[in-house]
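What follows is one structure encoded as structure tokens, with my remarks underneath.
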Amino acid sequence: MDYFKKTILPILLAGIWINISETLRWLFLVQPYWLEFHQKLGIELPEEPINMIIWMIWGFIFATTIFILSRKFNLWQTTFLSWFLFLPLLWIVLWNLGLLPEGVVLIAAPLGLLEAFVAAWICQKMSPRKS
């Protein structure tokens, strides 16, 4: 039970937070730019359930990484390390493929940093690291 409370539960809650944050950001801030940009390219975005499931898995992998980093680093170090590991690398890949609309990073970067901070905070509050 202690393993569940100190390991599984923080990852689950951080993953839920990340997925809610990503979904709200997508629906209310990014989706209109994204759809317009890709329509101009003649690309239809896949919106099948499997695509949503893959994004959810990505969110839980992000949460797991944050949890692992939070065992070794403080809150701010965990926030910035996890943010740099996941979000800018994703944007670089999308930009390299010509699939990243201009301006989206200006919205996504600060909100992604907030997302990583809250997830790191959840992990460290629920399972403080040993000094």
Side-chain angles (χ1 to χ4, degrees):
M1 186 63 153
D2 196 42
Y3 180 77
F4 178 82
K5 285 175 63 175
K6 296 287 186 187
T7 304
I8 304 299
L9 192 57
I11 292 170
L12 282 175
L13 291 177
I16 290 167
W17 156 252
I18 289 167
N19 281 292
I20 289 171
S21 173
E22 289 287 330
T23 300
L24 293 176
R25 179 176 30 196
W26 168 255
L27 289 174
F28 296 113
L29 299 173
V30 174
Q31 188 179 30
Y33 299 110
W34 200 269
L35 293 176
E36 180 183 338
F37 178 78
H38 288 86
Q39 283 174 346
K40 288 179 184 176
L41 294 176
I43 299 171
E44 187 174 327
L45 290 176
E47 296 190 71
E48 302 298 319
I50 188 67
N51 302 104
M52 304 310 153
I53 291 168
I54 290 170
W55 277 113
M56 284 179 52
I57 291 168
W58 176 90
F60 283 103
I61 291 170
F62 189 24
T64 302
T65 302
I66 290 171
F67 179 80
I68 292 167
L69 290 172
S70 75
R71 305 298 83 219
K72 182 83 171 159
F73 300 102
N74 70 33
L75 179 61
W76 291 107
Q77 292 168 328
T78 300
T79 298
F80 286 108
L81 281 170
S82 62
W83 185 83
F84 278 115
L85 282 170
F86 271 77
L87 300 172
L89 291 177
L90 172 65
W91 301 326
I92 289 168
V93 168
L94 291 172
W95 173 76
N96 186 47
L97 294 172
L99 299 174
L100 184 65
E102 287 184 32
V104 167
V105 172
L106 297 175
I107 295 168
L111 293 176
L113 193 57
L114 175 64
E115 180 179 289
F117 173 81
V118 172
W121 181 83
I122 289 168
C123 289
Q124 291 205 340
K125 273 294 183 194
M126 294 192 72
S127 183
R129 67 188 177 107
K130 295 174 181 142
S131 298

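The figures here come from the full heavy-atom set of this structure, side chains too, leaving out hydrogens, waters and symmetry mates.
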Quiz: residues 43-54 side-chain donor-acceptor pairs under 3.5 angstrom, not counting sequence neighbours:
from, atom 1, to, atom 2, distance (Å)
Asn51, OD1, Glu48, N, 3.1

Who are the side-chain contact (heavy atoms from CB on, under 4.5 Å) partners of [X], not counting sequence neighbours?
| X | result |
| --- | --- |
| Lys125 | Trp121 |
| Leu13 | Leu9, Ile122, Met126 |
| Phe28 | Leu24 |

| Hphob cluster co-occupancy, Ile18 + Leu111, side-chain heavy atoms under 4.5 angstrom |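 Yes: a chain of side-chain contacts under 4.5 Å links Ile18 to Leu111.
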
| Co-membership, hydrophobic cluster, residues Leu106 and Leu29, 4.5 Å side-chain |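 Not linked; separate clusters.
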
| What pairs of residues pass the side chain to side chain donor-acceptor pair (under 3.5 Å) test when at least one of them lies in residues 6-19, not counting sequence neighbours? |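 Output for this query is empty, none listed.
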
| request: For Glu22, enumerate each residue passing the side-chain hydrogen bond (donor to acceptor under 3.5 Å, both in side chains) test, keeping only those at least two apart in sequence or located in another chain. | output: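 Once residues adjacent in sequence are excluded, the partners of Glu22 under the side-chain hydrogen bond (donor to acceptor under 3.5 Å, both in side chains) criterion are Arg25.
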
Enumerate donor-acceptor pairs with a distance under 3.5 Å from any side-chain N or O in residues 81-104 to protein atoms, sequence neighbours excluded.
from, atom 1, to, atom 2, distance (Å)
Ser82, OG, Thr78, O, 2.8
Ser82, OG, Thr79, O, 3.0
Trp83, NE1, Ala109, O, 3.3

| request: Keeping the roles fixed (side chain from Glu115, backbone from Ser21), state whether a donor-acceptor pair exists under 3.5 Å. | output: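 Side chain of Glu115 to backbone of Ser21, a donor-acceptor pair under 3.5 Å: no, none is there.
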
Under 3.5 Å, which donor-acceptor pairs link side chains of residues 57-74 to any protein atom two or more places apart or in another chain?
from, atom 1, to, atom 2, distance (Å)
Thr64, OG1, Phe60, O, 2.8
Thr65, OG1, Ile61, O, 3.0
Ser70, OG, Phe67, O, 2.6
Arg71, NE, Phe67, O, 3.4
Arg71, NH1, Ser127, O, 2.7
Arg71, NH1, Ser127, OG, 3.4
Arg71, NH2, Ser127, O, 2.5
Asn74, OD1, Trp76, N, 3.0
Asn74, OD1, Gln77, N, 2.8
Asn74, ND2, Gln77, OE1, 3.4

| query | Does any pair with a residue in residues 82-91 pass salt bridge (Lys or Arg N to Asp or Glu O under 4.0 Å), and if so which ones, sequence neighbours excluded? | reply |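 Sorted result for residues 82-91: empty, none.
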
| Under the salt bridge (Lys or Arg N to Asp or Glu O under 4.0 Å) rule, what pairs show up with a residue in residues 77-86, not counting sequence neighbours? |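 Applying salt bridge (Lys or Arg N to Asp or Glu O under 4.0 Å) to every pair that reaches into residues 77-86, excluding sequence neighbours, yields nothing.
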
| query | With a 4.5 Å heavy-atom cut-off, do Trp55 and Trp26 have their side chains touching? | reply |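 Of all side-chain heavy-atom pairs linking Trp26 with Trp55, none is under 4.5 Å.
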
| query | Among all residues two or more places apart in sequence or in another chain, which pass the salt bridge (Lys or Arg N to Asp or Glu O under 4.0 Å) test with Lys40? | reply |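 Per chain and number, Lys40 pairs via salt bridge (Lys or Arg N to Asp or Glu O under 4.0 Å) with Glu36.
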
